[in-house]
Each structure stands twice: as C-alpha cells, then as structure tokens.
Amino acid sequence: MALEPCTEVPAINTQKINTDLAVLKERGQREVFCGLTGIVWLHRKMQDAFFLVVGSRTCAHLIQSAAGVMIFAEPRFGTAILGERDLAGLADANEELDRVVDQLLERRPDIGTLFLVGSCPSEVIKLDLAKASERLNQRFFPKVRILNYSGSGIETTFTQGEDACLGSMVPVLPHSQDEPSLMVVGSLADVVEDQFQRLFDKLGIPVSFFPPRRAAKLPPIGKGTKLLLAQPFLSDTVRSLISRGATLLPSPYPFGIEGTTAWLKTAADAWNVDKEKFEEAIAPQVNRAKIALERYRQVLTGRKAFLFPDSQLEIPLARFLSRECGMELVEVGTPYIDRLLMDSEINLLPVGTALSEGQDVEKQLDRCREARPDITVCGLGLANPLEAEGMATKWSIELVFSPIHGYDQAADLAELFARPLERRRRLTV
Ligand code: SF4
C-alpha cells in the first residue's frame with residue numbers, strides 16, 4: 001500500500017490539472033468481473049452484431065450468469081468452447097474455430113458483424129484471433145465483418161471490455177470529409193440516446209453515437225469530429241479516435257442534473273450556441289428532474305457512502321452523490337484512474353475526498369467496517385456478506401445495466417442508492 005500522486009497525467013488536456021491530488025494506490029487481491037461481461041449490454045445495443053467468445057466453460061458460465069434470463073431468448077452471443085484437445089495442442093484450434101464460425105453464420109443470416117472475443121484460455125494458448133478475423137474476413141466480408149478484441153480477465157476489468165470492443169471498431173470507421181460534427185462515445189440505452197438526440201437537435205448540433213445501434217452503420221470520423229464521452233472507461237478507444245484526427249471535449253459525465261448540464265454545455269460551447277438558446281432547450285427537463293430528485297435527496301442527504309472499485313463509474317457517481325444528493329464520501333475506490341478522462345470529475349469532488357485506485361480487498365474491507373458507512377457500493381461477491389454484517393449495500397453492476405444517464409434518469413439514479421436504505425428501514429422492527 002502506498003500513497004502516491006495519481007497516475008496517467010494526460011499529454012493532451014486543456015484543463016487545469018489538480019497536481020496535489022493524492023490517491024491511495026493498492027495492488028492485491030481483487031473482486032471484479034473480467035471484460036467479457038461487457039457483451040451483456042453491448043449485444044443489446046448493436047442489434048446486428050454477434051459476440052463469439054473463444055474460451056472455456058468458465059467463460060460460458062460467466063456470461064450465462066451475468067446475462068441471466070436472456071440466455072433463453074435466441075441471444076446474439078455464445079462461446080466456442082476450447083476443449084482439452086485444443087488446450088493440449090492436439091487439435092488445430094484455427095480449423096475448429098473456422099468450422100464453428102461457418103456453422104454459426106449459416107444458421108444466423110441476420111448477423112452483420114461478428115466479434116471474436118478473446119479470453120484467458122485463448123490468450124494462454126496464444127490463439128491469434130487477429131489473424132483468424134483477417135482470414136475469416138477474406139471469406140465473409142462484405143456480407144459479414146469479422147472483428148476481434150480481448151475480454152480476458154488477464155487484460156481487462158469489467159467495463160474495459162466495452163473499451164476493447166469499441167477500440168476494435170475504430171480502424172474501420174469510415175473517414176468523414178472533415179466537416180464539424182459531434183460524436184457521443186460510449187454505449188447508452190436507446191431511450192437515453194433518443195432523449196439526447198432530441199436535445200442536440202434543439203441546440204442545432206449534428207451528432208452521431210458510437211457504438212451505433214447497427215454495427216454495420218458506423219459513424220464517420222475525421223479532423224472535424226469532436227468527441228464527447230458518455231462513459232468514463234474508454235481510455236484506449238478515445239486515444240485511437242484522437243489518432244484518427246478527432247478532438248476530445250473534456251467534460252464531466254452526464255450523470256445527475258449538474259453533470260448532464262455541464263456535458264451538454266461543453267458541446268454547446270464548442271458549437272457557439274448562445275446562452276438563452278441553451279437555457280431554453282434544457283429548462284423543461286431540468287425542472288422536471290429537480291422535482292423528481294428532491295424526494296431521494298431527502299433520504300440520502302447527510303448519509304455516508306463508501307464505494308468499492310468496479311466499473312470506473314465510481315468517481316462521477318460519487319460527485320453526483322455528494323453534490324446533488326448531499327451525501328458524505330468516506331472512500332471512493334476505482335479500478336483505474338485515467339487523468340485525461342477523469343480530471344473534469346475529480347475537480348468537482350469535495351476537497352480532500354479519499355480516492356483509491358486498484359484494490360487490496362481485505363484491507364479495503366477493514367477500512368469499510370471501521371467507517372460503518374450508511375451505504376456501501378460494491379460487487380455481488382461482497383454485497384451479501386456485508387449485508388450479513390449489518391451494512392446496507394448497493395450492487396454496483398446494476399449501475400452499468402440500468403439507464404442512468406441524462407436528466408430524466410437523475411431521480412432513478414438517486415433511487416438506486418435510496419432503495420437499500422429504504423428497504424432496511426422497512427425491515428427494521
Ligand atoms: S475470460 Fe478469464 S476471467 Fe473471464 S470468465 Fe473466462 S477464464 Fe474467467
């Protein structure tokens with residue numbers, strides 16, 4: 001355990017950097033998902049894509065448990081299970097993979113883009129999925145485009161799976177004619193995307209969303225593209241997009257009323273939208289959101305929150321909980337801090353907020369028990385044991401699977417934290 005300055009000071013950042021920031025950096029046992037879990041929300045977003053995990057039965061079990069009931073509804077993901085013969089090098093894993101892909105594409109003519117998703121076992125036996133997609137593209141492109149990325153636990157943590165997936169699409173984005181346009185980066189629930197589309201239309205800003213709803217309809221990119229991030233965990237994707245000529249608009253993330261306003265204002269300023277037009281466009285939604293949020297603010301205000309590292313959403317959520325819900329932050333843990341993507345948020349946290357990066361789970365649990373927070377945000381593996389110790393918990397995975405961005409979702413987001421407190425109150429006799 002060591003107290004060190006925050007890592008990854010960005011090379012490209014126009015914002016003031018909080019150089020005094022001290023972060024507790026820990027390396028030890030971790031309680032997190034691997035990047036394969038990203039498939040659960042990505043396959044819902046891109047409706048013509050299929051995700052084929054090249055992995056073991058463990059990987060298949062993971063996806064099935066994370067996706068829950070969805071496995072029964074003709075899903076657009078599956079696992080090509082590496083058998084003992086593949087792992088022992090007795091079978092030609094490439095031939096086997098080609099055979100599985102043949103069968104799959106024959107059975108499912110609706111697939112437009114096929115992602116080959118690497119896992120720990122495929123990496124350990126050094127199965128080259130980049131070569132495999134090249135080979136398969138020669139046979140199936142343009143009817144089907146084959147891409148590949150790694151979702152393995154060795155390389156990725158939870159939401160980094162989305163970063164890796166989007167990163168694999170960047171090289172195939174069409175080149176724009178460099179005209180100015182806005183690209184919102186990070187998967188959003190369709191209903192939220194529609195709300196944002198309407199707001200950008202009102203502001204007169206031409207916008208595209210990445211990932212798109214159909215993987216075959218990729219948004220163009222070029223020197224005129226300005227990037228506005230909807231999700232804070234897209235470090236590699238953003239850097240790849242910048243290397244294709246785009247410019248990043250640093251901004252807080254659209255969580256809560258304040259975050260959403262700051263996010264939209266960043267885009268509005270880049271398009272020189274005047275103040276009155278901006279205020280007029282957002283006013284009805286802001287007013288509605290304020291009324292809806294008030295109820296939960298009353299439940300949450302003055303309560304102590306402790307966030308375990310999980311999705312990289314922790315810092316923006318902590319900012320929302322503290323500034324809009326009046327909560328006190330005991331510790332804000334996050335798996336990884338990328339200053340390029342996070343400075344706008346860190347600058348909004350109360351001075352002296354205890355930030356931690358990485359994890360040594362036993363030590364973190366000790367700190368949590370000592371602080372006795374009113375609510376602990378953590379993964380499923382820790383939630384029930386902590387509940388049994390008398391602590392109220394919020395499962396962090398729900399924050400990734402639920403629509404929480406934008407004005408209309410601000411109260412729903414607060415409710416996710418208020419609900420466990422309310423449940424405890426009701427169950428206490
Ligand atoms: S990719 Fe690795 S960590 Fe993820 S389920 Fe498969 S074996 Fe486990």
Side-chain angles (χ1 to χ4, degrees), residues 26-44 49-71 75-89 91 93-94 96-97 100-101 104 114-133 146-168 187 233-237 308-313 333-336 358-361 378-383 395-398 400-401:
E26 287 188 307
R27 296 287 174 267
Q29 198 188 329
R30 303 188 309 157
E31 285 270 349
V32 285
F33 283 119
C34 67
L36 291 188
T37 16
I39 294 171
V40 177
W41 63 90
L42 285 166
H43 92 278
R44 273 193 257 166
F50 192 99
F51 294 79
L52 183 65
V53 177
V54 184
S56 62
R57 283 188 197 283
T58 312
C59 311
H61 284 308
L62 172 97
I63 309 262
Q64 287 186 7
S65 5
V69 292
M70 280 189 291
I71 53 168
R76 277 175 289 101
F77 54 83
T79 310
I81 293 175
L82 293 164
E84 276 169 23
R85 280 167 49 79
D86 304 297
L87 296 172
N94 280 305
E96 301 261 310
L97 179 61
V100 172
V101 170
L104 173 68
L114 173 66
F115 289 95
L116 302 179
V117 188
S119 66
C120 305
S122 76
E123 263 158 37
V124 169
I125 65 163
K126 304 225 178 311
L127 185 56
D128 191 339
L129 292 183
K131 275 233 175 74
S133 26
I146 324 274
L147 295 170
N148 76 285
Y149 70 90
S150 169
S152 85
I154 304 170
E155 293 203 6
T156 56
T157 298
F158 196 21
T159 47
Q160 280 181 313
E162 174 171 335
D163 191 20
C165 174
L166 299 194
S168 76
S187 66
F233 42 72
L234 299 168
S235 298
D236 291 346
T237 303
F308 277 74
D310 198 42
S311 60
Q312 298 185 53
L313 292 172
T334 189
Y336 176 69
Q359 189 171 45
D360 189 334
V361 72
C378 59
L380 292 166
L382 297 178
W395 297 349
S396 47
I397 194 165
E398 236 185 298
V400 180
F401 288 176

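Sequence positions, counted from 1, serve as the residue numbers for this chain. Small disclaimer: the values here were computed from a predicted structure and weren't measured. Counting starts at 1 for both ligands and their atoms, in listed order.
Looking only at side-chain heavy atoms (C-beta outward), T159 and L313 stay at 4.5 Å or farther from each other. For the pair T157 and Y336, the minimum side-chain heavy-atom distance is 4.5 Å or more. Under the 4.5 Å side-chain criterion, counting only non-hydrogen atoms from C-beta, E155 is not in contact with Q160.
For F158 and F33, the ring centers sit closer than 6.0 Å to each other.
Below the 2.8 Å limit, atom 2 (Fe) of ligand 1 has as protein N, O or S neighbours C120 SG.
Partners of S168 by side-chain hydrogen bond (donor to acceptor under 3.5 Å, both in side chains), not counting sequence neighbours: none found.
The environment of W41 atom CH2 is dense: over 12 non-hydrogen atoms of other residues, nucleotides or ligands sit within 6.0 angstrom.
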